There are 2 protein chains.
Amino acid sequence: MTVTIYDVAREAGVSMATVSRVVNNNPNVKPQTRKKVYEAIERLGYRPNAVARGLASKKTTTVGVVIPDISNSIFAEVARGIEDIANMYHYNIILCNADKKKDKEIRVINTLLEKQVDGLLFMGGTVTDEHLQAFKTANVPVVLCATTDEKGTIPSVDIDHEAAAYDAVKTLINQGHTKIAMISGTLQDPANGYARFHGYKRALEESGISYDEDLVRIGNYRYESGVEAMKHFLDRSDKPTAVFSATDEMAIGTIHAIQDEGLKVPDDISVISVDNSRMASMVRPQLSAVAQPMYDIGAVSMRLLTKLMKKENVELSKVVLPHEVVARQSVGAKS
Amino acid sequence: MTVTIYDVAREAGVSMATVSRVVNNNPNVKPQTRKKVYEAIERLGYRPNAVARGLASKKTTTVGVVIPDISNSIFAEVARGIEDIANMYHYNIILCNADKKKDKEIRVINTLLEKQVDGLLFMGGTVTDEHLQAFKTANVPVVLCATTDEKGTIPSVDIDHEAAAYDAVKTLINQGHTKIAMISGTLQDPANGYARFHGYKRALEESGISYDEDLVRIGNYRYESGVEAMKHFLDRSDKPTAVFSATDEMAIGTIHAIQDEGLKVPDDISVISVDNSRMASMVRPQLSAVAQPMYDIGAVSMRLLTKLMKKENVELSKVVLPHEVVARQSVGAKS
DNA sequence: CTGTTAGCGCGTTCAA
DNA sequence: TTGAACGCGCTAACAG
């Protein structure tokens, strides 16, 4: 039924070793025999079996990617960056959603390892000791993507979330705002939550603005939670004059909540966020945001992984990509 | 270095066949030996090698997914549906972006087949004879996902794009509109382009509204192209009173172009589209749209594939999922 | 430049 | 209920 390397060898009148050589572009083959083999391959419609090859060579040219949720546009963007570079280096990716759930993450890491991936790209929630343990039993390189571990023992690529948040809030302060609310992700989330919250706090403190915990609401990253949080702030007698949202989506909810109240952005209230997804330009007013280079985070981490897999030694294994504040229309001076 | 089934056998004092049995949950093992084997596995930290298993059993429990672009939220949603169901049936997915480019599609189909995937899910542009040829040489089931082939020879799951467009335009007509513009995708695209355009045309014709080609612009599915197309319509002396957009994103661009001109949606111009992505509720006014159940398309196609892979016979191999118009705020009666 | 020979790690008969 | 032996399709020495 299925045609093997052996069939090709017979058809071409050579040994299977020779067929293997031409298939793998080994130069040590006489052009004439190479031609014969190619013809035999063509005639038989031979397709190399990558599984057998993987068993023999101990390389599968596939990498595992654990991602929180591919339907989240932020992560989808990262995934595209990963896949483009993987493709460039002739790797394929096995994609697993793990929803930032530790148990699910550990589980998929193990099945990925069973499948003998040549490397692992991990995007998730907190990196616990259990994760570290699982990574250690892997005999393949691992790189954290859009995440970091506290200990810094695993190579990673990410932005500096704390600084990104700091810069966002700072641009608000520079416009004269002092009553600045924050809509944060859960503080359990090290990057989107905790780090950004602390950037917010540091910016306030450095500017001598006292931190008011009533001005912070925890959202779930989604549009609706931005709407809801903002409605809460709007109920106060002394409304904030500016809002910093941990994500674009919540920021857009924020903008709409403000507008629904008959107020104007940025005239009455300014809004800024971190992400800069494509949606940021798809609202009116267009959203000012600190840009997180998601595609690049994916691309760079995959590139790093290829180096690790080739055992090249990399100078820097904890790379922090630059962020930048892109000013659009949702931030104005305090009136 | 790596611990194999053989090491476990020795450690447990049994044969490798027995270890294989307990690992694969074969009931023919005395509970006591089973226990011994489990302990040995634990002690040695044995992890089954799925590649070897795949070679021996000729099953890899992984399916290939070729997708146009994972960073497109529509497809990302499908992918999530696929992965959830795949996960449920213990399959993993290898994901390949092919950007609806025929050459790239054929190429990834072949590498997926080399990797011995147990099945293939294809999401792409037009299904050409070359595709059909590639599918035929695959010895594994293939299902088209959010696409169909003309000939209908390959199992598929999709919505009826023509009818969806028809329904969208019809709701405009029911509101009294007769001057209805369309922003379409390229007519080369069988689903998003051609079919939706024809649904538009049919709705007009059935209502005795003559088709005016000046009222149709081709966009590239993106926000900006919606803005641009609408600006064009706005330049006309007799502006359309309603617009049907082939995608949500272009529809949002349309709304903003209208608003930027000082006009109101839906008071001055109504807007409707096909997609109903999460963004539809993230604009003001919220976008009315015909809902395409992307997640379900992914889930159902993966479910269908599992049946095909298990050689269960399926009654219906060309499934058409229902669409539905969800009315929000962007459509109003003609003034 | 080419062929021979071992495995790679596991599933699966077939006997026992 | 268990074990021995073979083979899945290919790569990688090693020899020639």
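Below, chain A is the first sequence line, B the second, and so on; all start at residue 1. This structure is a prediction, so every number in the text was calculated from the model and none was measured.
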Asks: Rounding to an integer number of Å, can you tell me how far B/Met16 CE sits from D/dG7 P?
Replies: 14 Å
Asks: Rounded to the nearest 0.5 Å, what separates atom CG in B/Asp99 from atom CG in B/Asn97?
Replies: 6.0 Å
Asks: Sequence neighbours left out, what pairs pass salt bridge (charged side-chain N to carboxylate O under 4.0 Å, His left out) with at least one residue falling in residues 53-75 of chain A?
Replies: A/Asp69-B/Arg80
Asks: Going by the salt bridge (charged side-chain N to carboxylate O under 4.0 Å, His left out) test, which pairs reach into residues 293-310 of chain B, not counting sequence neighbours?
Replies: none
Asks: With sequence neighbours left out, write down each residue that passes ring-ring contact (aromatic ring centres under 6.0 Å, His included) with B/Phe122, or none if nothing qualifies.
Replies: B/His131, B/Phe135
Asks: Any side-chain heavy atom of B/Thr126 sitting closer than 4.5 Å to one from B/Gln188?
Replies: no
Asks: Rounding to 10 degrees, work out the angle separating the end axes of the helix from C/dC1-D/dG16 to C/dA16-D/dT1 (five pairs an end).
Replies: 30°
Asks: Taking only residues two or more places apart in sequence or in another chain, which ones pass side chain to side chain contact (heavy atoms under 4.5 Å, CB included) with B/Lys311?
Replies: none
Asks: Listed in order of residue number, which residues of residues 20-27 of chain B have a non-hydrogen atom at under 4.0 Å from DNA chain D?
Replies: B/Arg21
Asks: Taking CD1 from A/Ile5 and P from D/dA12, how many angstroms apart are they, rounded to a whole number?
Replies: 11 Å
Asks: Once rounded to the nearest 0.5 Å, what's the spacing between atom CG of B/Asn72 and atom CD of A/Glu77?
Replies: 10.5 Å
Asks: Could you tell me which residues satisfy side chain to side chain contact (heavy atoms under 4.5 Å, CB included) with A/Met309, sequence neighbours excluded, listed by chain and number?
Replies: A/Val63, A/Tyr91, A/Asp118, A/Pro141, A/Met302, A/Leu305, A/Thr306
Asks: Less than 4.0 Å between a side-chain N and a carboxylate O, is that true for B/Asp149 and B/Lys318?
Replies: no
Asks: Under the ring pair (Phe, Tyr, Trp, His ring centres under 6.0 Å) definition, can you give me all pairs with a residue in residues 96-120 of chain B, not counting sequence neighbours?
Replies: none
Asks: A/Asn49 versus A/Thr4: any side-chain heavy-atom pair under 4.5 Å?
Replies: no
Asks: Is there a side-chain polar atom (N or O) of A/Thr4 under 4.0 Å from OP1 or OP2 of D/dG9?
Replies: no
Asks: Measure OH/A/Tyr6 against C1'/D/dT11 and give the value in whole Å, please.
Replies: 17 Å
Asks: How many Å lie between CG on A/Asp7 and C1' on D/dC10, as a whole number?
Replies: 13 Å
Asks: Rounding to a whole Å, what distance do you find between A/Asn28:CG and D/dA13:P?
Replies: 14 Å
Asks: Just the rounded figure in Å: distance from P of D/dC10 to CD of A/Gln116.
Replies: 19 Å
Asks: Hey, are A/Asp189 and A/Tyr221 close enough side-chain-wise for a donor-acceptor pair under 3.5 Å?
Replies: yes
Asks: Can you list, by residue number, the residues of residues 53-61 of chain B that have a non-hydrogen atom closer than 4.0 angstrom to DNA chain D?
Replies: B/Leu55, B/Ala56, B/Lys58
Asks: Should we count CD of B/Gln32 as having more than 12 external heavy atoms under 6.0 Å?
Replies: no
Asks: Give the residues of residues 39-50 of chain A touching DNA chain D, defined as any heavy atom closer than 4.0 Å, sorted by residue number.
Replies: A/Tyr46, A/Pro48, A/Asn49
Asks: With sequence neighbours left out, what residues match A/Tyr194 under ring-ring contact (aromatic ring centres under 6.0 Å, His included)?
Replies: A/His198
Asks: First and last nucleotide of DNA chain C touching chain A, 5' to 3', heavy-atom cut-off 4.0 Å?
Replies: C/dC1 to C/dG9
Asks: Could you measure the distance from the OG1 atom of A/Thr18 to the NZ atom of A/Lys30? Nearest 0.5 Å is fine.
Replies: 10.5 Å
Asks: What is the nucleic acid contact for A/Val14, judged by heavy atoms within less than 4.0 Å: base, sugar-phosphate only, or nothing?
Replies: sugar-phosphate
Asks: Which value, rounded to the nearest 0.5 Å, describes the distance between A/Leu120 atom CG and A/Ile109 atom CD1?
Replies: 6.0 Å
